[in-house]
Amino acid sequence: MEKRMLFPQVGGFLHGGDYNPEQWLDRPDILEEDIRLMKKAGINSATLGVFSWSVYEPTEGDFHFEWLEEIMDKLYENGIYTILATPSGARPAWLDAAYPEAMRVSSRNVRDHHGGRHNHCMSSPKYREKVTIIDRKLAERFGKHPGLLMWHISNELGGECYCPICAKRFQDYLADKFDHDIQKLNHAWWTTFWSHRYNSFDQIEPPFDHGERSIMGLDLEWKRFTTWSMNDFMKTEIAVLKEVTPQIPVTTNFMELYYELDYRKMAGELDVISWDSYPGFHNDREALEETMLRTAFHHAVMRSMKREKPFMLMESTPSLVNWQPFNKLKRPGVHKLASLQAVASGSDTVQYFQWRKGRGSSEQFHGAVVGHDGTENTRVFREVSEVGTLLKKIAPVAGSLVKAEAALLFDWDNRWAVNDASALSNETKRYDNTCINIWQEFRKLGVEMDVVPSDADLSQYRVVVAPMLYMLQPETADNLKAFVQDGGQLLATYFTGYVDSDQLCYLGGFPGDGLTELFGIVSEEIDTLYPTDRNHIRFEDGTEWEVKDYAEVLQVKDAHVLASYMEDFYQGTAAVTCKEFPTDDKCGRAYYVAARSSADQMRSLFLKMLQDAGLSVKELPPSVDYSTRIGEDGIYDFYMNYGTSPVKVSGVAGTDLITGGSVQGELELETYGVAVIKH
């Protein structure tokens, strides 16, 4: 397999992070010391200019880039490359004073005051004009600098704007979508209910907090529009940079499963996917292993947006953050684990916010490589340096890919629709957690699993799980049918196929759009259990699963019943079914799990699916995580011990890139130990 190096000029992994030299222009001694410390820590990149607009342009039209050029020159002379951000994430005060329309309007229809960050109006023509001017000047000044690796668009794009300009664009967006036919919209949104019919598109307002909040179609289209609008703004920035510097790749830093934007709709505009990872390490809700596995899921979401190349860990903290409810320090050794987990999941970078702690303002106590003491004599600096050394040792892994043969379907549209549905229980829907828990169970079996939308090409996968796929996109049903008929192993759960992409219920039985034929069942009713309620299901071999939260009552058409309910009025009826689609050389299967059980109870069913698909599992100690990257020079297996005691892993063979030693049969991992085995 050919290497897909993000930055060939670096020759390995990128190790760096956000650097804010503009905060220290009056301290040349500190700027000089930063260079020395970066080299000592194995830092080879710095992200500049994320929040530099007021220094670039202190008053309108008065530009100052000399300081930036000097910094970039010195970094490059010392082997440190630059990722240069556009400064649109935070506006200078003069801009908001002169052009108040650049500030957002809230869902209460109140204009923001100056302050904060990533809170611009995405539609403001004047703001777009000012952003375009400064972006062009940056591109023209620094586009050919030998140290420039990449453009970083804005910062953590997010949020909504309800101003008159955005409201008018929303109306135009809806008119285009519904062919300028208001009756099509009325039908799709079922507005006859409560007499909410519209006569024209200009009667439609955004879903203000004190306005229309009872039409699910309006809520959903507003979220889709917000993504469209933010993407349109991002594209205007990208267009300027690509016009001047077509050879420089672009990215923007996503934020975990950020709720307000469908990142997959934005991913197509970016050359590389990057994201900011800030898990709540050492919390009182879960063991470290669970925190790490949850983070691995988020890595998989980002990786799966562009499966043909590595992604980037754009921000992480080497120690702690300052904005969580409880800002707990990473314990010794956990930074190495978190960094190498990102690499194991497909990242070719380990980057931080931030390089040096600032003296004041809201993030003065956010973690950094260099603290307020300004020295290398700290635990954090030593651990960052250790990661720098490890990244050099495993440099051959850079450019290799994660190749998963299993996938979990996760749609932002479906997520919004599930949460907005006036059904089930608002306290226990937990769509995100349901998906994450199932994904984690496959990971515990040593199985790589991509996280993809329901309309993705599924031909490269052999096992697909679709939890709570309440909303079906126009292509979803045909996509799932083709997957199973081609021999794939598919599992869907309760609350599947209830509504179409406009949130209109299917008629003729759930799951709709022909999926009743695929699964061989019809969901007649769905029961919502109180938190204290329990039911159970029993399989043919006597295995039992506990049921909580939700249980569908099924009519079985032509599926085989694998398990039945044990209590309540639906005792003895089907709870887990399977319909087979045999061909000459393979047999596709469509499993339906009608009730919510914990993912660990479902493991036996997952194992059956993997076995039928011909996919192997790993026998791993409880605390060990396993992941694989494949490159042109070989296969790289990552073993990580999330436990507090040393462990041994059997069945391992190859060369450990970290120690340089050979492993044949048994691998010993110390507490929080990591091994990268090439074979």
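Residues: numbered from 1 along the sequence shown.
- Of the possible polar contacts, one joining the Asn327 side chain to the Gln324 backbone as a donor-acceptor pair under 3.5 Å is found.
- The CE atom of Met234 lies 5.5 Å from the CD atom of Glu269; values are rounded to the nearest 0.5 Å.
- The closest side-chain heavy-atom distance from Trp151 to Leu84 is below 4.5 Å.
- A salt bridge does not link Asp413 to Arg264: none of the charged nitrogens lies less than 4.0 Å from a carboxylate oxygen.
- Looking at Lys330, its side chain never comes within 3.5 Å of a backbone N or O of Ala338 through a donor-acceptor pair.
- Separating the CZ atom in Phe353 from the CD atom in Glu156 is a distance of 9.0 Å, to the nearest 0.5 Å.
- Looking at heavy atoms from C-beta onward, Tyr173 lies in side-chain contact with Trp228 at the 4.5 angstrom threshold.
- Ring-plane geometry between Trp412 and Phe410 is classed as perpendicular, the angle between the planes exceeding 60 degrees on a 0 to 90 degree scale with a lower cut at 30.
- Residue Val369 comes nearest to Pro318 through the heavy atom pair N-CG, 3.7 Å, listed as atom of the first residue, atom of the second, then distance.
- Under the 4.5 Å side-chain criterion, counting only non-hydrogen atoms from C-beta, Val50 is not in contact with Gln354.
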Between Lys242 and Asp271, is a salt bridge (Lys or Arg N to Asp or Glu O under 4.0 Å) present by the stated rule, with each step listed? CA-CA 11 Å; Lys242 287 295 186 181; Asp271 295 310; 2.8 Å; yes
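- Side-chain contact of Ser88 with Glu237: a donor-acceptor pair under 3.5 Å is present, judged by distance alone.
- A donor-acceptor pair under 3.5 Å is formed between the side chain of Ser316 and the backbone N or O of Gln351.
- With respect to Arg224 and Asp262, no salt bridge is recorded, no charged nitrogen being found less than 4.0 Å from a carboxylate O.
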For ring pair (Phe, Tyr, Trp, His ring centres under 6.0 Å), just list the numbers for Tyr498 and Phe495, CA-CA rounded to whole Å, side-chain angles, deciding distance to a tenth of an Å, and then say yes or no. CA-CA 7 Å; Tyr498 279 49; Phe495 214 44; 4.8 Å; yes
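- Annotation: Tyr162 is in aromatic contact with Trp222 [ring centroid separation under 6.0 Å].
- Counted by atom type alone, His15 and Tyr352 present one or more donor-acceptor pairs between their side chains at under 3.5 Å.
- Ionic pairing of Glu308 and Arg4 is not present here: no N-O contact between side-chain nitrogen and carboxylate oxygen is shorter than 4.0 angstrom.
- Side chains of Ile83 and Thr251 form no contact here, defined as non-hydrogen atoms less than 4.5 Å apart.
- We find the CD-CD distance between Glu243 and Glu140 to be 8.5 Å, quoted to the nearest 0.5 Å.
- Look at Lys168 and Asp172 and you find a salt bridge, because one of the NZ, NE, NH1 or NH2 atoms lies within 4.0 Å of a carboxylate O, short of that distance.
- The aromatic rings of Phe297 and Trp439 stand perpendicular to each other, their planes meeting at an angle above 60°, with 30° marking the opposite boundary.
- With contacts defined as side-chain heavy-atom distances shorter than 4.5 Å, the pair Ile182/Asn199 does not qualify.
- Taking the centre and axis of the six-membered ring of Phe65, the NZ or CZ atom of Lys137 falls outside the cone set by 45° and 6.0 Å.
- Using modelled atom types and a 3.5 Å distance limit, the side chains of His145 and Asp73 yield a donor-acceptor pair.
- For Asp232 and Arg128, the salt-bridge test passes: some basic side-chain N is under 4.0 Å from an acidic carboxylate O.
- Of all the heavy atoms in Ser454 and Thr476, the pair that sits closest is OG-OG1, 3.1 Å.
- Here the CE atom belonging to Met150 is positioned 4.5 Å from the CE atom belonging to Met312, to the nearest 0.5 angstrom.
- What you find for Tyr56 and Gly49 is that their closest heavy atoms are OH-CA, 3.4 Å.
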Under the side chain to side chain contact (heavy atoms under 4.5 Å, CB included) rule, what do Phe254 and Leu261 come out as? Steps first, then yes or no, please. CA-CA 10 Å; Phe254 291 155; Leu261 297 175; over 6 Å; no
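- The backbone N or O of Val418 lies less than 3.5 Å from a partner atom in the side chain of Lys429, making a donor-acceptor pair.
- In the model, Glu212 has a side-chain atom that pairs as donor or acceptor with a side-chain atom of Ser214 under 3.5 Å.
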Would Thr82 and Leu75 count as a side chain to side chain contact (heavy atoms under 4.5 Å, CB included) if you check the C-alpha gap in whole Å, the side-chain angles of each, and the deciding distance to 0.1 Å? CA-CA 8 Å; Thr82 293; Leu75 290 172; 3.9 Å; yes
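- Rounded to the nearest 0.5 angstrom, Ile273 CD1 and Thr252 OG1 are separated by 9.5 Å.
- Salt bridge annotation for Glu101-Lys126: absent, with no cationic side-chain nitrogen under 4.0 angstrom from a carboxylate oxygen.
- Atom CH2 of Trp323 is surrounded by more than 12 heavy atoms from other residues, nucleotides or ligands within 6.0 Å.
- Considering OG1 of Thr236 and CG of Asp135, their distance stands at 8.0 Å, rounded to 0.5 Å.
- Under the 3.5 Å distance criterion, with hydrogens and angles disregarded, a donor-acceptor pair is assigned to the side chains of Glu315 and Tyr278.
- Between Leu68 and Ser52, every side-chain heavy-atom pair lies at or beyond the 4.5 Å cut-off.
- If you check the side chains of Glu221 and Trp189, you find no donor sitting under 3.5 Å from an acceptor.
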